[in-house]
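Structure first, commentary second.
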Amino acid sequence: MAALLVAACLDLPDFGGRRHPYGDRAVQASLDRRIANTIASVNFDQRAYDTLGEMSILFAAVLGCVVLLRQTRDEHRAPPEPAAVARPVRRYALIALPVALVTGLYVIANGQLSPGGGFQGGVLAATALHLLYLGADYAALERVRPLGAFETTDALAVASFVVLGLASVLAGTAFLANTLLPYGTFGTLSSGGSVPLLNAAVGMEVASAVVVLIANFLDQAVEIEEERAS
């Protein structure tokens, strides 16, 4: 495998040269399928199978953290005491929270049109929720962050990506082939065929995974304490 990798790299075009066969084909395929953002076309159309692998890696990483950080027998939960928050911090956090959340959803929704997409928008939307922790307290964050719902959404988002791929197979084409929906009008939210759906699935998975991941670390830092012998 190492020898084949070296042989392939030796045949690559020169860096900075005028010959970019993969890039030219990727851009043309993106335009043919009415996808304004070529990066989104590569991620959710031309190499959507790779993106499924990336989603699976994130899902497995979060699952591993949940298992490792779970409450053990020598630990108990203590209700966290709210700390005083400076007024400027509280004011900024509560104003910035809805702005950041809407921005994250906007980045996800426009992933096939402009820079961004499910990965970037998902992280932004998930971290926006935690401004409530900075501006208020941990109890307020827990009220708007039902962990079970986010865990379910994480699993459903990964499953929906796979279901869309299987739907392509049932339709008589390749797995995750962009043939299920019409390509639409170039430059609109409904353009790109199945790319917006795959992008939305990634956005939901990333947002839910980041929320679950941060929640488990916060539990360790705020709620879970070791049992003390009396």
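Residues: numbered from 1 along the sequence shown. Predicted model, so just to flag it, every value in this text is computed and none were measured. Computed over heavy atoms, backbone and side chain alike; hydrogens, waters and symmetry mates excluded.
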Any donor-acceptor N/O pair, [X] side chain to [Y] backbone, under 3.5 Å:
X: Asn199; Y: Ile108; answer: yes
X: Thr153; Y: Ala149; answer: yes
X: Arg145; Y: Leu141; answer: no
X: Ser168; Y: Leu164; answer: yes
X: Arg33; Y: Ser30; answer: no
X: Ser194; Y: Asn178; answer: no
X: Arg90; Y: Gly135; answer: yes

Distance in Å, [X] [atom1] paired with [Y] [atom2], rounded so as to fall on 0.5 Å steps:
X: Arg70; Y: Cys65; atom1: CZ; atom2: SG; answer: 12.5 Å
X: Ile95; Y: Leu131; atom1: CD1; atom2: CG; answer: 11.5 Å
X: Leu147; Y: Asn216; atom1: CG; atom2: CG; answer: 6.5 Å
X: Leu4; Y: Cys9; atom1: CG; atom2: SG; answer: 11.0 Å
X: Leu166; Y: Leu176; atom1: CG; atom2: CG; answer: 8.0 Å
X: Asp137; Y: Tyr133; atom1: CG; atom2: OH; answer: 9.5 Å

For residues [X] and [Y], determine if any side-chain heavy atom of one lies less than 4.5 Å from a side-chain heavy atom of the other.
X: Val162; Y: Leu52; answer: yes
X: Met204; Y: Leu156; answer: no
X: Ser208; Y: Phe150; answer: yes
X: Ile35; Y: Phe44; answer: no
X: Thr185; Y: Ser190; answer: no

- Item | Full working for side-chain contact (heavy atoms from CB on, under 4.5 Å) between Glu205 and Phe59 | CA-CA 8 Å; Glu205 198 274 335; Phe59 182 78; 3.8 Å; yes

Do [X] and [Y] share a hydrophobic cluster, counting only Ile, Leu, Val, Met, Phe, Trp and Tyr and linking them when any side-chain heavy atoms are less than 4.5 Å apart?
X: Leu58; Y: Ile214; result: yes
X: Val211; Y: Val144; result: yes
X: Phe161; Y: Leu181; result: yes
X: Val107; Y: Leu129; result: no
X: Leu31; Y: Val195; result: no

Exceeds 12 heavy-atom contacts within 6.0 angstrom, atom [atom1] of [X]:
X: Tyr183; atom1: OH; answer: yes
X: Phe186; atom1: CZ; answer: yes
X: Tyr92; atom1: OH; answer: no

I'd like a table of donor-acceptor pairs (distance under 3.5 Å, sequence neighbours excluded) in which one partner is a side-chain atom from residues 112-127, with atom names and distances.
unit_1 : atom_1 : unit_2 : atom_2 : d
Gln112 : NE2    : Leu189 : O      : 2.6
Ser114 : OG     : Asn110 : O      : 3.3
Thr127 : OG1    : Val123 : O      : 2.8
Thr127 : OG1    : Leu124 : O      : 3.1

Using every non-hydrogen atom in the two residues, find where [X] and [Y] come nearest and quote the distance to one decimal.
X: Val158; Y: Met55; result: CA-CE, 3.7 Å
X: Tyr22; Y: Arg47; result: OH-CD, 3.2 Å
X: Arg34; Y: Gly184; result: CG-O, 3.4 Å
X: Leu97; Y: Leu132; result: CD1-N, 3.5 Å
X: Gln220; Y: Leu69; result: NE2-O, 2.7 Å
X: Ala201; Y: Ala157; result: O-CB, 3.4 Å

- Partners of Thr173 by side chain to side chain donor-acceptor pair (under 3.5 Å), sequence neighbours excluded? Thr179

- Task: Kindly write out the residues that satisfy side chain to side chain donor-acceptor pair (under 3.5 Å) with Gln28, not counting sequence neighbours, or none if the list is empty.
- Result: Asp32

- Asn43 and Thr51 side chains, donor-acceptor separation under 3.5 Å: no

